[in-house]
Amino acid sequence: MRRRILIATVAALLASAAGPTLASAQPLWWVAVGGQAAVETGRLADEAGTEGGGLVGGGVYLARLGPVRLGPEAEASGGALHADLGPVSDEVTVWRGRLGVRAVWWPPGSESRLLPYLRVGAVYRADRGDLIEDDGFGWYVGGGLDVRVAPRWAVGPFLTYERVGLSIESHTLLLGLRLTFWP
């Protein structure tokens, strides 16, 4: 029985993705939740393992420039990683706060299923473990793709690069999946 329900659900999602466009007005704001994996790409790459975590975010659309909607975004995330510090190791909790601008390709009157976006802004990062206590500010840049699965819901991947001035500068690549809701 569960298998039939799963097959029917997958078939309905595939049919809706291939079907006509969704009818809904373009929203004024959005909220999202998701998960992410983070990999250090700079000097910390040898010490820091892959970070896994979750996020919550939101934003408003305050302006339109042709087919692009613009507005501020805010995001908070938390994750954990294993740090190998030579003869000892540490389990580190990583907290991030981001504040920036998001630009979404969403032409007026369009009911497109695919909504690509770019984002840029400032980030604060705090690492906390038994041996590690470090924090700093930096910047981020990234992009993603919201795939509308219902008039008010989208799911999609994102990729973000951030650079933060910890005691050793952090260069992090974040890859994740988020679920977005519009009113």
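Side chains are part of it too, since the values below use all heavy atoms of this structure and drop only hydrogens, waters and symmetry mates.
Between Leu115 and Arg148, some side-chain heavy-atom pair lies under the 4.5 Å cut-off. By the 4.5 Å heavy-atom criterion applied to side chains, Phe158 and Tyr117 are counted as neighbours. Residues Leu70 and Arg64 are not in side-chain contact: their nearest non-hydrogen atoms beyond the backbone lie 4.5 Å or more apart. Pro72 has its side chain out of reach of Leu99: every pair of non-hydrogen atoms, C-beta onward, lies at least 4.5 Å apart. With contacts defined as side-chain heavy-atom distances shorter than 4.5 Å, the pair Leu145/Trp105 does not qualify. In this structure, the side chains of Thr172 and Val39 stay at 4.5 Å or more apart for every pair of heavy atoms. In this structure the side chain of Leu159 reaches within 4.5 angstrom of the side chain of Leu173, judged on heavy atoms. Using a 4.5 Å cut-off on side-chain heavy atoms (C-beta onward), Val164 and Val123 make contact.
Atom CZ of residue Phe181 and atom CG of residue Leu179 lie 10.0 Å apart, to the nearest 0.5 angstrom. Atom CZ of Arg98 is separated from atom OG of Ser77 by 4.5 Å, given to the nearest 0.5 angstrom. Note that CD of Glu47 is 7.5 Å distant from CG of Asp84, once rounded to the nearest 0.5 Å. In this structure, CG on Leu175 lies 9.5 Å from CD on Gln36, to the nearest 0.5 angstrom. Note that NE2 of His171 is 4.0 Å distant from CZ of Arg163, once rounded to the nearest 0.5 Å.
When all heavy atoms are compared, the tightest approach of Ala32 to Thr180 is CB-OG1, 3.7 Å. Pro67 and Pro108 make their closest contact through CA-CD, 4.1 Å (heavy atoms, listed as atom of the first residue, atom of the second, distance). Taking both residues in full, the closest heavy atoms of Ala154 and Trp182 are given as CB-CH2, 3.4 Å, listed atom of the first, atom of the second, then distance. Scanning both residues, Glu51 and Gly79, for their nearest heavy atoms gives OE2-CA, 3.8 Å.
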**Request:** Start with the C-alpha gap between Tyr161 and Thr41, add the side-chain angles, then the distance that decides, and say whether side chain to side chain contact (heavy atoms under 4.5 Å, CB included) holds.
**Result:** CA-CA 10 Å; Tyr161 173 79; Thr41 61; 4.2 Å; yes
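Counting heavy atoms of neighbouring residues, nucleotides and ligands inside a 6.0 Å radius, atom CG of Leu85 exceeds 12 of them.
A salt bridge links Glu40 to Arg125: one of the charged nitrogens lies within less than 4.0 Å of a carboxylate oxygen. Using a cutoff of 4.0 Å between basic side-chain nitrogens and carboxylate oxygens, Arg96 and Glu75 are not scored as salt-bridged.
Placement of Val88 and Leu44 in two distinct hydrophobic clusters is found when ILVMFWY residues are connected by side-chain heavy-atom separations under 4.5 Å, directly or transitively. Leu28 and Val68 are members of different hydrophobic clusters when ILVMFWY side chains are connected at heavy-atom separations under 4.5 Å. By the criterion of side-chain heavy atoms lying less than 4.5 angstrom apart, applied directly or through intervening Ile, Leu, Val, Met, Phe, Trp or Tyr residues, Leu62 is grouped together with Trp29 in one hydrophobic cluster.
The backbone N or O of Ala83 sits nowhere less than 3.5 Å from a side-chain atom of Asp90 that would complete a donor-acceptor pair. Proximity of a side-chain donor or acceptor of Asp127 to a complementary backbone N or O of Val94 within less than 3.5 Å is not detected. Between the side chain of Thr160 and the backbone N or O of Gly142 there is no donor-acceptor pair closer than 3.5 Å. With Asp146 contributing its side chain and Val155 its backbone, the two residues share no donor-acceptor pair below 3.5 Å.
Counting only residues at least two apart or on different chains, the side-chain hydrogen bond (donor to acceptor under 3.5 Å, both in side chains) pairs with a member in residues 132-142 are Glu73-Tyr140, Tyr124-Asp135, Asp134-Ser167.
Scored by the salt bridge (Lys or Arg N to Asp or Glu O under 4.0 Å) test, Arg43 finds no partners at all (sequence neighbours excluded).
Using bins of under 30°, 30° to 60° and over 60° for the plane-to-plane angle, the ring pair Tyr61/Trp106 lands in the perpendicular bin.
Cation-pi geometry between Arg152 and Trp30 is not met: the NZ or CZ atom fails to fall both under 6.0 Å from the ring centre and inside 45° of the normal.
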